Amino acid sequence: MILAIETSCDDSAVALLDMQGNVLTSQISSQTELHEKYGGIVPELASRKHLTTLPLLIRYVLGEFDIRLQDLQAVAVTYAPGLIGSLLVGVSYAKSLAWLAGVPLIPVDHLEGHLLAPFLDHKDLRFPYMGLIASGGHTHLVIANGLNDYKLIGKTIDDAAGEAYDKVAKMLGFQYPGGPIIEKLAGECEKPTIEFPIPLKGKKTLNFSFSGLKTAVRNKAIEGDLYVEKKELISYDDFAKWPESDKKDRVRDIAASFQQVVVKIIVQRFEKALKQYPMKDIVLTGGVASNTGIREGLQALAQKRQKRFFFPDSKNCTDNAAMIGYTALQYFGDRRFIREDHLRMNASSKSPIGQLVVST
Ligand code: KG4
Ligand code: ZN
């Protein structure tokens with residue numbers, strides 16, 4: 001049995017997996033309520049919250065299956081990348097647990113966790129594949145050749161995809177996280193009418209850019225008197241209660257037109273990258289991979305190019321500890337990856353995967 005801990009950002013997550021990688025339980029304690037009114041994550045509040053939530057969540061998970069420390073064969077923890085205060089809470093707790101249980105502590109890169117997350121739900125996925133990690137902090141296009149063998153071929157030069165969703169939502173007056181709200185609003189607009197520019201159009205790069213698009217959305221919102229500055233941010237349910245009006249439709253139109261461009265950006269990047277790296281399988285993972293519009297866009301591309309397309313179940317797209325436990329298990333027992341002294345292990349705000357050289 002392996003216990004996995006994930007506290008890299010705003011959610012405390014704990015999972016238990018058997019040594020074959022089957023998930024017995026995967027629990028998440030969300031901090032959304034704490035941060036939503038700020039329109040983004042407040043790092044200091046996040047780490048303080050982990051400090052009180054994580055021990056309770058671990059006690060709950062161990063209690064649920066009547067697991068004692070001596071039943072554990074390993075402890076896994078996200079050590080990078082993320083908010084350093086949040087990571088330190090998880091790492092400190094994991095060190096103590098592993099030491100008490102007398103079992104190995106396996107440090108896991110959060111990005112590698114996302115990249116391998118589709119294996120949790122798709123036993124037929126195989127290396128090598130082309131994967132896009134699209135989350136609130138990262139937009140990394142990676143060739144995954146095998147465990148610990150990744151090549152970063154493109155990344156965002158400014159905002160991450162999820163960050164763009166969150167910022168667009170905030171400027172329209174919506175709470176954090178904005179991704180699921182924008183997706184719902186977009187689904188309520190039959191035909192988006194605004195032509196936002198496609199960033200990096202015509203450029204040779206496999207990189208991504210979202211900040212120009214964000215500015216174009218802001219200008220459109222200001223022009224239509226929909227831009228919200230420093231007001232109380234609202235939820236989707238609050239919006240749903242508004243009486244139907246032209247204003248309501250224009251908010252939906254902006255959301256749908258924005259999402260249409262995001263889908264185009266992602267599909268076009270995959271299409272271009274596949275010409276250079278003709279992989280059989282493509283993967284979309286990270287929080288943004290929950291988005292149905294983006295999934296449909298990539299599904300269509302996969303069909304057109306005769307590729308297989310994989311994405312995790314929605315519960316495994318956003319931050320979770322099951323993907324951390326699964327990744328740790330791939331390293332467990334492999335002598336190539338044994339680290340000498342786990343008690344010396346440290347947290348890091350940067351990921352080695354994020355530091356790989358972009359080759360184009
Ligand atoms: O992977 P994740 O849970 O955390 C990070 O590692 O960042 O991703 C969170 C991000 C947020 O920016 C959130 O707005 C976005 O994923 N997100 C979505 C959707 N669900 C979550 N973006 C677009 N559509 C969604 N349905
Ligand atoms: Zn993440």
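Keep in mind the model is a prediction, meaning the values are calculated, not measured. Whatever order the structure lists them in is the order used to number ligands and atoms, beginning at 1.
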> If you measure every N/O of His114 against every N/O of ligand 1, is any gap under 3.5 Å?
Replying inline: yes

>> Using a 3.5 Å cut-off on N or O atoms only, is Pro177 in polar contact with ligand 1?
In response: no

> Distance-only, no hydrogens or angles: does the Asp71 side chain make a donor-acceptor pair with backbone N or O of Arg68 under 3.5 Å?
Replying inline: yes

> Among all residues two or more places apart in sequence or in another chain, which pass the ring pair (Phe, Tyr, Trp, His ring centres under 6.0 Å) test with Phe311?
Replying inline: Phe309

> Is it the side chain, the backbone, both or neither of His138 that has a heavy atom closer than 4.0 Å to ligand 1?
Replying inline: neither

>> Show the nearest heavy-atom pair for residues Asn316 and Ala117, with the distance to one decimal.
In response: O-CB, 3.7 Å

> Is ligand 1 under 4.0 Å from a heavy atom in the side chain of Asp319, in the backbone, in both, or in neither?
Replying inline: both

>> Between Asp159 and Lys167, does any NZ, NE, NH1 or NH2 come within less than 4.0 Å of an OD or OE carboxylate oxygen?
In response: yes

>> Taking salt bridge (charged side-chain N to carboxylate O under 4.0 Å, His left out) as the definition, give me every residue that meets it alongside Lys248, ordered by chain and number, with sequence neighbours left out.
In response: Glu244

>> I'd like to verify the contacts: list protein N, O or S atoms under a distance of 2.8 Å from the Zn ion (ligand 2).
In response: His110 NE2, His114 NE2, Asp319 OD1

> Is there any ring-ring contact (aromatic ring centres under 6.0 Å, His included) pair reaching into residues 247-276, and which pairs are they, with sequence neighbours excluded?
Replying inline: Tyr165-Phe258

> Is it the case that Arg218 places NZ or CZ above or below the six-membered ring of Tyr227, under 6.0 angstrom from the centre and within 45 degrees of the axis?
Replying inline: no

> Does the distance from a Lys or Arg side-chain N to an Asp or Glu carboxylate O, for Lys184 and Glu188, drop under 4.0 Å?
Replying inline: no

>> Among all the protein's non-hydrogen atoms, which is closest to atom 13 (C) of ligand 1, and how far away is it?
In response: Asp166 OD1, 3.8 Å

>> Show me which atoms of ligand 1 lie under 4.0 Å from any heavy atom of Gly137.
In response: 7 (O)

> For Thr318 and ligand 1, does the shortest N/O to N/O distance drop below 3.5 Å?
Replying inline: no

> Hey, are Asp249 and Arg252 close enough for a salt bridge, meaning a charged N less than 4.0 Å from a carboxylate O?
Replying inline: yes

> Any side-chain heavy-atom pair from Leu206 and Tyr277 closer than 4.5 angstrom?
Replying inline: yes

> Applying a strict 4.0 Å limit to heavy atoms, is Cys9 in contact with ligand 1?
Replying inline: no

